[in-house]
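All heavy atoms count here, side chains included; hydrogens, waters and symmetry mates do not. Here is how names work: the chains are called A, B, and so on, in the same order as the sequence lines, proteins then strands, and each is numbered from 1. It should be emphasised that the depicted structure is a prediction, and the values quoted were computed from it without experimental measurement.
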Amino acid sequence: MIVTDQNADGILDYLKTQSVFVVDIESTGLDVMTTDFLCGIGVGTASGEAWYFPFRHKIGDNIDLYFLTRLLRILEGKTLIGHNLKFDIKGLYKEGFNYKLCVLLDTIVMARLCSKIHAPRLDLENLLATWIGVDDAGYKAEFKKYLKKNKIKGDFSQGDAKIVGEYCCGDVVGTFKLYLKLEKTIRLTMQQEVWDQEKLMTKVLLNMETLGVPIDREYCKKCIGTLTNREKLLINKVHELVGYEFDIGSGPQLTTAMNSLGIHSPVRTPKDKESWDNNALKKIDHPVAEIISNYRTNGTLKNTFFGPLYDRDSDLIFTSFKNWGTVTGRLSCMDPNLQNIPKFMLDLDNNATSMNFNATNRAEAMESILSGKVKLNQVVGDETVAVRNLFVPSRPGSNLFSMDFSQMEVVVLLYFIKDEELLSLVKSEEFDFHVFVAIEALGGNPDDPEFEAIRAIAKSITFGVIYGMGIASLAIQLGKTENEAKMFRQRYYDRIPKAKPFINDLKAKIERGEYVYNGYNRRYVITPDKAYIGINYLVQGTSGDIIKENMIHIDKFLEDKKSKMLIQIHDELLFDIDEEEEESGIVYQIASIMKTNRLGIPLNVDVKKCKGSWANKEKYEFRRS
DNA sequence: CCTGACTCA
DNA sequence: CATTTGAGTCAGG
C-alpha cells in the first residue's frame, strides 16, 4: 500500500504499536554512503502487510519529509529484518537514523548459512523462487520490464512512486516470508550459535562502514602522476624492443609480439594458450620480460588501487563488508576491496635504474626522456610509491595500529588435530612453527645458509595441508617433482602424526555424505568428490569466526571510546587509536580480547604501531596502565 | 584452497 | 551497437 499525506498519520500510529519490522529502501543508486540517497522506504509488519513511503520520486506523489523523521523515530530500537540489510540501514543512517539499539536480522546472511551449494545466487528473486515458490517472485520480472521500458538503470527516483512502491511492498512481504522459512531452517540445521554471532556482526560491520577509512588524497594524486609517466616509459620501451607498437594488455597481441622476438612461453594457460603471467615471465631470459612485468605492476597500482581510490572524490573511503560472501564464513570486502591492498612498495630513486632498467636499457630510457616524450622531473621523485601509504590516521591526535594473529590457521589446525605438544609450544611468542617443521620434520639446520629455503618448503607444505592441496599443485608450489613433494609431505606427516588421521577421518565423513560443522557450528555441505576441501573450510572458516567473535567484543569495548576499528583483513584488524587512550592502555586491552575466544584456542597477537601510515609499521611494546 | 577488480575478446 | 560473459592476470589471506 502506498502511503499518502492523507493516510500517513493513521499508518504511523499503527506502526508505533509494533516491535518487528521488515524494511527495504529504494534509492537513487548503490553508493548510499556517498552520492546516492533514498527516494522511498518500504515497511512491513509481522501481519504480512507492507507500506511504501515515497519521499523523492520524480514521478507520482511524494509525502512530506516530516513523515520520514517520524518513521525513523518509530523504527529506532526495534527489530529490523531486511535483505542485505546493511545497505538499507546505511540509507536510513544518512537521513539521521540511529540503528545502535536495533536488532538487525539480515536474510541474505541467513540464506548463506542455509544454502547447500558453493556459490548460491543470493538475490531476493532467486531466494524467493527456491525457498518460497516460483509464483511469489513473478512481480519482479514485471517490474524489470517497467524499468527497461523507461530506461531506468539504478536510479529508482526516476520511477513512478506508485509502481516502485508496489514493487517495494512485494519485496517487503517476500522478505518476511523468507525470514520465517530461513529462521526455521537455521534451527533445523543446528546453526543457531553461528547465527547468533552473525546477527551481532551486522551491527559491528555497520559501525565500521559508516565511519569510513581516511586516506591521503594528496599523496594519491602524486602517485598517479608518477605511475602515469612511468607507464609511458615502460610502454615505449616494450615497443622499442619488439620493433612495433601494440597493446600490451591484449593477450593475442602480446603472444604475437613475443613470438616475433622468438620467445615462447614455458607455461600454458588452462585453455592451452601460451601464458604470460608473472610466473611465466620470470622464466624468460629476455629483457622484455622484466619490462612487461614492471609495466603490469605499474598498471595494477594505477588502475586497481590509486586511480579508483582517488576517483572516489573524498578523504574518507566507505567500503562494504560482506558477511555472506564466502563459503567458509570469512568476510569479504568490496567497493572498494580493502582486503587486498598491496603490501609491497615501489622504490623510485633519482635515476632511471629505479625503474629496474639494466645498463643498456637505461641509455634508451634516458633517450626517451631527453627526446621530450617524458620529462625527467615528472618521472623521478624521491617519494616511494606504496598503496598502504595512503592509509593514515583520522586526525592529529591518533595513530593507526595493526593487530594480527601470528600463524592463525596453523594454530587452528593444531586445535582440530588436538596436538597437545605443539599447542603448548605455540603459546610462546617466540615459537616459529615453520622453523620447527624445517628442523624437526625436514632435518634442517638453522646455522645452514640454506635454512631459509628449507623453512620456505616447510611453510609451503603447511599451507598445502591447510588448503587441502593435491600433490601436483604442492609440487608446483615447491618447484620440485611430485615424488620429492610426496617425500617432503610424508616427513611432515611423520613428525605431526595426528594431522593425517584427522584429515582422513574428515574426508571419510564427507564421502559418507555427512555435513561438516566448524568450531562455531557453521555448517558446510561438501559433495563427496570435493572431500579434500573439508580441511580448508574447517580451518579457514573457524579462523574467520574467531575473529568475528573478537570483533563483536572489541566493538562493544570501543563503544564509548574515541578509538575506532577500521578494517578486518582475515587475521588482522586495523585500528585508529586515540593517543590519550593509548596512554591508558587501550591497545593492551584490545589485544587481550583478541587472545580470548570461546574455543580456548591459544592465539598470539602481534601489535604494530604505524608511523605516519599503514606502510610504516613498528613493533609495539605495551604500556600497561 | 578462499576472495574482488581490472582488462580484453 | 550496447551489454554481458569468460578468461587471464594479480592483489590479499
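Panel note: side chain A:Gln191, backbone A:Leu113; a donor-acceptor pair is recorded below 3.5 Å. Remark: side-chain polar atoms of A:Tyr524 are paired, donor with acceptor, to backbone N or O of A:Thr328 under 3.5 angstrom. Within the 3.5 Å criterion, the main-chain N or O of A:Ala111 finds no donor-acceptor partner in the side chain of A:Ser115.
Residues A:Met334 and A:His118 each lie close to DNA chain B; by heavy-atom proximity, the contact nearer the 5' end of the strand is made by A:His118.
A:Arg489 has its CZ atom 13 Å from the P atom of B:dC1, to the nearest Å. In this entry the distance linking CG of A:Leu506 with C1' of B:dC1 reads 14 Å, nearest Å. Between the CD1 atom of A:Ile292 and the P atom of B:dT7 there is a distance of 18 Å, given to the nearest Å. If you measure from atom CG of A:Leu331 to atom C1' of B:dT3, you get 11 Å, rounded to the nearest angstrom. Between A:Ile533 atom CD1 and B:dT3 atom C1' there is a gap of 13 Å when expressed in whole angstrom units. Look at CG on A:Leu301: it is 17 Å from P on B:dA5, rounded to the nearest Å. For A:Asn298 and B:dT7, the CG to C1' distance is 15 Å, given to the nearest whole Å.
Using a 4.0 Å heavy-atom cutoff across all strands shown, A:Val387 reaches no nucleic acid atom at all. Using a 4.0 Å heavy-atom distance criterion, A:Met469 is classed as making no nucleic acid contact. At a threshold of 4.0 angstrom between heavy atoms, the contacts of A:Phe463 with the nucleic acid are absent. A:Gly249 comes within 4.0 angstrom of the backbone, heavy atoms only, and of no base.
Paired with A:Phe391 under the rule ring pair (Phe, Tyr, Trp, His ring centres under 6.0 Å), one option of A:Phe305, A:Tyr219, A:Trp614 passes, and it is A:Trp614. Remark: of the listed residues A:Thr226, A:Thr384, A:Leu227, A:Leu227 is the sole one forming a side-chain contact (heavy atoms from CB on, under 4.5 Å) with A:Leu346.
Looking only at side-chain heavy atoms (C-beta outward), A:Asn126 and A:Leu122 stay at 4.5 Å or farther from each other.
Rounding to the nearest 0.5 angstrom, the gap separating the CE atom in A:Met408 from the CD atom in A:Glu572 is 12.0 Å.
A:Tyr515 and A:Lys116 are linked by a side-chain donor-acceptor pair at a separation below 3.5 angstrom, with hydrogens and angles left out of the test.
Legend: residues meeting side chain to side chain contact (heavy atoms under 4.5 Å, CB included) with A:Asn279, ordered by chain and number and at least two apart, are A:Val267, A:Asp277, A:Lys282, A:Lys283. Under the salt bridge (charged side-chain N to carboxylate O under 4.0 Å, His left out) criterion, A:Asp285 pairs with no residue, sequence neighbours left out. Legend: residues meeting salt bridge (charged side-chain N to carboxylate O under 4.0 Å, His left out) with A:Lys608, ordered by chain and number and at least two apart, are A:Asp404.
Environment of NZ in A:Lys619: crowded, with over 12 heavy atoms of neighbouring residues, nucleotides or ligands closer than 6.0 Å.
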Would you sketch DNA chain C in dot-bracket for me? Only Watson-Crick or G-U wobble pairs with both distances under 3.5 Å count, crossing pairs as [ ], other-strand pairs as |, the rest as dots. ....|||||||||
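Neither OP1 nor OP2 of B:dC1 sits under 4.0 Å from any side-chain N or O of A:Tyr537. At the phosphate of B:dC6, neither OP1 nor OP2 sits under 4.0 Å from any side-chain N or O atom of A:Lys302.
Of all nucleotides listed (B:dC1, B:dA9, B:dT3), B:dC1 comes nearest to the side chain of A:Tyr532. Here the side chain of A:Thr304 is nearest to one of B:dG4, B:dC6, B:dC2, namely B:dC6.
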Enumerate the protein-to-nucleotides 1-3 of chain C contacts in which both atoms are nitrogen or oxygen and the separation is below 3.5 Å.
{"from": "C:dT3", "atom 1": "OP1", "to": "A:Lys153", "atom 2": "NZ", "distance (Å)": "3.2"}

Sequence-aligned protein contact record of nucleotides 6-13 of chain C, with B where the base is within under 4.0 Å of a protein heavy atom and S where only the sugar-phosphate is: -SSSSBBB
